[in-house]
Amino acid sequence: MFKKVRIRLTLLCAGISIIIMTVMSFIFLYVSEHELYQSKLQSFQNDINTISANLDSQSVISMEYLSRMEAQDNYMFYVTDNGVPFLYNSITSEKFENNFSKNNYLTTVIYPKDKDSTLEITVLCSLMPLKKQINSQRLRFILIDMAAVLILSVFSWLLTGRLLAPVIENQKKQNEFIASASHELRTPLAVILSASECLSDAPADKQEGFLKTIRQETLRMSSLVNDMLALSSSGSNRFSIKPKPIEIDTLLINSYEAFKPMAHDKNVSLKLTLPKNALPLCNADPDRLSQVVSILIHNAISYTPTGGRVEITLVYNKERFYISVKDNGIGISDEDKKKIFDRFYRAEKARSDKGHFGLGLSIAQEIVAAHNGSINVMDAYGGGSIFTVII
Ligand code: ADP
């Protein structure tokens, strides 16, 4: 599909440039040929004036003079006296008539000033050299135009390729996103389907178990759909944030409180460290920022084995807030560090976790970017990872 679009765009782009270039070339050629012709005419007129002045100053028309002029200036003289052609004439009367009637010559007739003279000197100036010059100029133009057409076509092809590259990349990502999303949705749907089939045949005491499975998988699907909606709106530049002055330390305390039960259930110690001094307000969207913090804490607890440690720290330095979530869990390999912010990416070690779809960090990254902030990951000293959000 994109190849067709590229070909069409190339044709359009190159076509317009070629039409403009051709029209300009024709105008230039027309003007240049017109000027060449005018200058030839002007020099012919000057020569005729000189020749007729010379002839007038001579009492006798010298044949040597005429033949010298013929040889010198590419002219042909046809002299008649009282209508009778001179013996001198270098061309025959038929040839003269023939040339005269064609358009290949500039012609004029000189009558000597002497009133009694019955002489008539017809001068022919061949236009062939001029026509040759014009033809070779046309040929050069055609060759230059053809080369320009070729260059313009190649240039347009490369240009449209560069223009379309981000669109193609976007389309590829969208396709991957849809493929991964369908894949993720298929699993809970299959579980719900089989649980509902079993439910109808199951004895009353077993039905509750199937209902629980259906509820759990529906919740999983709903959370996945919410994540996908958040990301799809960011993809179309609609990831809107509503920033307002907020107390980041209060936001972190709330998140910490919310995750305490989960950490407790998994026997992971959760610690929050805040600066001792009073902090300035931070201009941020509280809901979105707490979503980022939740994603990081949830991941930290999920990827830290029982008995592990998760520490949330807030630092304020040079008008920036540094929120870091450190764990001593399974850690992230250098290879995975490059990919974990991609949509639906899950490191091999994390694949088995059913509650994770690989969307959390991409959502976190989009939200932080919407705040003009940054997010990065590093290895924690002694094992585990540290995620830091800078706002
Ligand atoms: P998920 O929902 O799978 O956690 P995320 O986008 O939040 O998706 O994370 C992507 C992947 O990054 C995870 O699948 C996991 O492999 C890795 N990851 C994220 N946080 C941590 C962490 N604290 N420790 C180890 N691995 C992590």
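Throughout, residue positions are numbered sequentially from 1 according to the sequence presented.
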ask   = Who pairs with E319 by side chain to side chain contact (heavy atoms under 4.5 Å, CB included), at least two apart in sequence or on another chain?
value = Y316
ask   = Does S294 have any side chain to side chain contact (heavy atoms under 4.5 Å, CB included) partners at least two apart in sequence or in another chain, and if so, which?
value = F259
Of all pairs that satisfy salt bridge (charged side-chain N to carboxylate O under 4.0 Å, His left out), the ones with a partner from residues 132-143, not counting sequence neighbours = E33-R138
task = Please list all pairs passing the side-chain hydrogen bond (donor to acceptor under 3.5 Å, both in side chains) test where one or both residues lie in residues 244-256, with sequence neighbours left out.
result = E247-T250
ask   = How would you list all residue pairs meeting side-chain hydrogen bond (donor to acceptor under 3.5 Å, both in side chains) that involve residues 1-23, not counting sequence neighbours?
value = T10-T160
ask   = Mind checking what makes ring pair (Phe, Tyr, Trp, His ring centres under 6.0 Å) contact with F141, not counting sequence neighbours?
value = F28
ask   = Does a salt bridge link K212 with E208, judged by any charged N lying under 4.0 Å from a carboxylate O?
value = no
message = Considering only residues two or more places apart or on different chains, which pairs with a residue in residues 185-206 satisfy salt bridge (charged side-chain N to carboxylate O under 4.0 Å, His left out)?
response = none
Name the atoms and distances for all side-chain donor-acceptor pairs under 3.5 Å in residues 378-391, with sequence neighbours left out.
residue: D379; atom: OD1; partner: K337; partner atom: NZ; Å: 2.8
residue: D379; atom: OD2; partner: K337; partner atom: NZ; Å: 3.1

CG on D327 to CZ on R309, rounded to 0.5 Å = 9.5 Å
query = Residues two or more places apart in sequence or in another chain: which of them pass side-chain hydrogen bond (donor to acceptor under 3.5 Å, both in side chains) with Q137?
reply = S32
remark   = The single option from D47, T107, T108, V79 that satisfies side-chain contact (heavy atoms from CB on, under 4.5 Å) with V123 is T108
query = Going by an N to O cut-off under 4.0 Å, is there a salt bridge joining R288 and E366?
reply = no
remark   = Contacts of A364 meeting side chain to side chain contact (heavy atoms under 4.5 Å, CB included) (sequence neighbours excluded), chain-then-number -> V292, I295, I375
key: Neighbour count above 12 (heavy atom, 6.0 Å) for F26 CZ   = no
key: For S25, all residues meeting side-chain hydrogen bond (donor to acceptor under 3.5 Å, both in side chains), sequence neighbours excluded   = D145
task = Can you sort out the partners of T218 under side chain to side chain contact (heavy atoms under 4.5 Å, CB included), two or more places apart, ordered by chain and number?
result = I192, I214
